[in-house]
2 protein chains.
Amino acid sequence: MKLFHARGYDAVGVAELSSELGIKPPSFYAAFGSKAGLFERALQRYAAGEGNVFAHAQATGGNVGAVLERTLLRAAHVYPRRDGAAGCLVLDGTRNSADPEASALSAAARKASCATIRDFVAAHAVVRAEEVADFVMIALLGMSAAARDGADETTLRTFAENAGRALRREFGLE
Amino acid sequence: MKLFHARGYDAVGVAELSSELGIKPPSFYAAFGSKAGLFERALQRYAAGEGNVFAHAQATGGNVGAVLERTLLRAAHVYPRRDGAAGCLVLDGTRNSADPEASALSAAARKASCATIRDFVAAHAVVRAEEVADFVMIALLGMSAAARDGADETTLRTFAENAGRALRREFGLE
DNA sequence: GAGGATGTTTAGTGAGCGCTACAAAAATAC
DNA sequence: GTATTTTTGTAGCGCTCACTAAACATCCTC
């Protein structure tokens with residue numbers, strides 16, 4: 001997961017993944033079936049942990065605007081480079097990848113994340129839920145890309161604060 | 001340029017680039033020196049043309065807020081997939097690339113773009129110019145990534161309108 | 001200890017990568 | 001019209017890719 005997160009799917013080879021796991025390629029394939037098989041499990045582990053910024057923000061409670069703003073602030077805290085891995089594995093792990101299987105897995109995870117946010121917004125009787133969810137998703141995509149380009153936490157937090165304020169004002173969220 | 005734009009730097013091979021140009025690899029290297037050499041020229045051509053959304057918006061004139069909002073709207077118009085190429089070549093062309101030379105070229109172009117926007121904002125006596133430029137850059141990064149993930153023009157334009165309004169209101173731009 | 005199932009290793013598959021030595025061909029110079 | 005330079009094509013360099021056949025080691029059962 002760390003290797004995929006740090007360098008993206010295509011830039012990490014099976015030989016390196018195997019040696020990092022302390023095994024040889026045949027054992028790798030016996031355990032995971034394929035490189036994409038391990039990537040799928042890495043995506044699940046990532047989405048179940050610190051990578052899921054929305055779930056983390058939602059757990060703290062509060063109104064829709066507060067949760068969404070905290071989602072962006074949480075991303076600003078998590079996305080900057082740590083241990084060589086910046087941004088979001090789900091959002092940027094397969095960007096420019098030539099592998100259709102890994103790309104499909106990643107796209108499905110992104111779609112699911114966006115749907116989760118949209119449903120949360122819609123469940124709180126907010127009009128234009130789709131628009132709000134898209135705003136958050138595109139903001140997260142931008143923050144993840146910026147982090148991968150080396151943006152620090154301060155830069156991301158400033159953006160998150162501005163975007164969060166904009167969210168509440170533009171869409172009248174309370 | 002089209003191939004790099006559509007699939008990213010690493011996913012396009014010299015053999016394919018050569019055959020698309022109607023030449024053989026030795027002629028390719030005689031003309032461009034290396035794969036990164038062609039990429040550098042592709043970046044320049046892209047930045048000098050339709051890819052430079054800020055220059056296009058600036059040319060129409062108006063106050064700072066209007067120019068920046070038009071930059072985002074222009075991106076919403078240009079970024080969706082056309083001829084298989086979506087998003088911005090400068091912003092996403094080398095994402096997850098394993099090639100340090102191409103990554104450095106791309107990073108320099110991004111840095112230059114950000115500096116151009118920051119200087120434009122600062123030249124109009126706007127406080128927090130850096131913050132404004134970062135907001136625009138991260139918004140563009142998000143729109144480029146979203147376009148690469150398949151977002152249509154309507155989705156991007158809606159985001160651009162919201163982000164543009166937010167820009168003017170949050171930073172008091174006129 | 002023998003036999004069988006399990007799992008790991010060695011060693012390599014064919015394919016593609018960026019890139020290039022070398023020779024054939026085309027263009028230029030005299 | 002021959003000689004020289006420049007350009008092009010053929011073929012393949014060493015390397016890495018995801019992936020695997022087959023030999024080897026390990027364990028449990030009897």
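A, B, ... follow the sequence lines: proteins, then strands. Residue 1 opens every chain. Values reported hereafter were calculated over all heavy atoms of this structure, with side chains retained and with hydrogens, waters and symmetry mates removed.
- Comment: B/R169 engages A/E170 in a salt bridge, judged by a side-chain N to carboxylate O separation of less than 4.0 angstrom.
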Please enumerate all protein N or O atoms sitting under 3.5 Å from an N or O of nucleotides 19-24 of chain D, with distances to 0.1 Å.
residue: D/dC19; atom: OP2; partner: A/Y29; partner atom: OH; Å: 2.9
residue: D/dC19; atom: OP2; partner: A/K35; partner atom: N; Å: 3.1
residue: D/dC19; atom: O5'; partner: A/Y29; partner atom: OH; Å: 3.2

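- Regarding A/K24, its NZ atom lies at a distance of 11 Å from the P atom of C/dA11, rounded to whole Å.
- A/R7 has its CZ atom 13 Å from the P atom of D/dT16, to the nearest Å.
- The interatomic distance linking A/L21 (CG) with C/dT9 (P) rounds to 12 Å, in whole Å.
- Under the side-chain hydrogen bond (donor to acceptor under 3.5 Å, both in side chains) criterion, the residue pairs touching residues 82-92 of chain A are A/D92-A/R95, A/D92-A/S144, with sequence neighbours excluded.
- The distance between atom CZ of A/F32 and atom P of D/dA18, rounded to the nearest whole Å, is 15 Å.
- Qualifying side chain to side chain contact (heavy atoms under 4.5 Å, CB included) partners for A/T116, counting only residues two or more places apart in sequence or in other chains: A/F54.
- Rounded to an integer number of Å, the gap from CZ of A/F39 to C1' of D/dA18 is 16 Å.
- B/D10 places its CG atom 11 Å from the C1' atom of C/dC17, with the value rounded to the nearest Å.
- Salt bridge status for B/R7 with B/E16: present, with a side-chain N to carboxylate O gap under 4.0 Å.
- The distance between atom CD of B/E16 and atom P of C/dG18, rounded to the nearest whole Å, is 10 Å.
- A cation-pi arrangement is found for A/K35 relative to A/Y9, the charged atom lying closer than 6.0 Å to the ring centre and inside a 45° cone about the ring normal.
- How far CZ of A/R110 is from CG of A/L141: 7.5 Å, rounded to the nearest 0.5 Å.
- For C/dT8, one of the phosphate oxygens OP1 or OP2 lies less than 4.0 angstrom from a side-chain nitrogen or oxygen of A/S27.
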